Undergrad: 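Quick one: structure below, then a few questions.
In listed order, ligands and their atoms are each counted from 1. All residue numbers in this chain count up from 1 along the given sequence. Quick caveat, the model's predicted, so the values are computed rather than measured.
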Amino acid sequence: MKPTLTNNHPILKHHTNDEKKIWFEKYVNPLLISQEYDLIIDEPIPGLFLFPFFNENFCKEIIQLAEELNQWEVDRHDNYPTTDILLEKLDLKHIYDETIQNFVTPMLVAKYNLQGRSWYQMDHENFIIKYSDTAQKHLSLHHDNSALTINLCLNNEFEGGGTYFPKFKKLLRLDKIGYAMVHPGNITHFHGARPIESGNRYIIVSFLKTQ
Ligand SMILES: O=C(O)CCC(=O)C(=O)O
Ligand SMILES: [Fe+2]
């Protein structure tokens, strides 16, 4: 689905194979592309991996794009709905899926010792979430409808916020733009989003689902 956007965003140039290659080199962390995971990954709580995923340009451009479209939805999920836009609406689903498949899935297979082919054929539900002190400020504690969840930090111009994992008594307040954390979705890593106190907080969440 093509959005009706006024600007010619460079982030939307990803349709031919040559454009895709340039897009990956332009926005994705080169050490993720070269599979040098063990140099860049931290594990701040057991089973949760933190890694630099995209650069700041990607994060800035996708926030601009989402705000330009400005079609935030508030009721996509029956339980624990977020204020969000699906990446298909921004014409970014395909390239984001490929980025995860090419560069993140191999890391997940290695770090979690995942077995079998199904991990390479996951569906991804990718959406950009906005929290603000004038609209949705928090997300109550929950499990995700996913095997694994990736949560990418897009900005840091806000106070409060962060993802809280009560079992580990840990607030992960990602404020490094372009860093992502990945955690198991629906059994071990119960979590919620602490309220925003000021500003807007933008993240991209991907629910990775095995078929
Ligand atoms: O805002 C966050 O850090 C968490 C978001 C989340 O848990 C979700 O979208 O399922
Ligand atoms: Fe969640």
Undergrad: For residues His14 and Phe24, establish whether the separation of their ring centroids is below 6.0 Å.
TA: no
Undergrad: Does Thr163, backbone or side chain, put an N or O under 3.5 Å from an N or O of ligand 1?
TA: yes
Undergrad: Given His191, Arg201, His138, identify the one with the heavy atom nearest to atom 2 (C) of ligand 1.
TA: Arg201
Undergrad: Using a strict 4.0 Å cut-off to heavy atoms of Ile129, name the atoms of ligand 1 that fall inside it.
TA: 9 (O)
Undergrad: Under a heavy-atom criterion of less than 4.0 Å, does Phe207 contact ligand 1?
TA: yes
Undergrad: Please write down residue, atom name and distance for the protein heavy atom closest to atom 1 (O) of ligand 1.
TA: Tyr131 OH, 2.6 Å
Undergrad: Is it true that some N/O/S atom of His143, main chain or side chain, lies under 2.8 Å from the Fe ion (ligand 2)?
TA: no
Undergrad: Parallel, tilted or perpendicular for His143 and Phe190, by the 30°/60° rule?
TA: tilted
Undergrad: Just jot down the ligand 1 atoms closer than 4.0 angstrom to any heavy atom of Asp144, in number order.
TA: 10 (O)
Undergrad: Run the numbers for me: atoms of ligand 1, each under 4.0 Å from some heavy atom of Ala193, listed by number.
TA: 1 (O), 2 (C)
Undergrad: Provide the number and element of each atom of ligand 1 under 4.0 Å from a heavy atom of His142.
TA: 6 (C), 7 (O), 8 (C), 10 (O)
Undergrad: Around atom 4 (C) of ligand 1, find the nearest protein heavy atom and jot down its residue, atom name and distance.
TA: Asn151 ND2, 3.7 Å
Undergrad: Between Asn126 and Asp97, is any side-chain donor less than 3.5 angstrom from a side-chain acceptor?
TA: yes
Undergrad: What orientation do His77 and Phe207 show, parallel under 30°, tilted 30 to 60°, or perpendicular over 60°?
TA: tilted
Undergrad: To the nearest 0.5 Å, what is the distance between OH (Tyr179) and CG (Asn29)?
TA: 7.5 Å
Undergrad: Taking atom types as modelled, is there a side-chain donor on His9 or Glu68 under 3.5 Å from an acceptor on the other?
TA: yes
Undergrad: Kindly assign one of parallel, tilted or perpendicular to the pair Phe54 and Trp23, based on the angle between their ring planes and the thresholds 30° and 60°.
TA: perpendicular
Undergrad: For the Fe ion (ligand 2), find the closest N/O/S atom belonging to Asp144 and write down its atom name.
TA: OD1
Undergrad: Does the side chain of His191 come under 3.5 Å of the side chain of Asp144 through a donor N or O and an acceptor N or O?
TA: yes
Undergrad: Quick one: which ligand 1 atoms are inside 4.0 Å of a heavy atom on Ile203?
TA: 1 (O), 2 (C), 3 (O)
Undergrad: In terms of residue, atom name and distance, what is the protein heavy atom nearest to atom 6 (C) of ligand 1?
TA: Leu139 CD2, 3.5 Å
Undergrad: Examine Phe58 together with Phe53 and report whether their ring centres are nearer than 6.0 Å.
TA: no
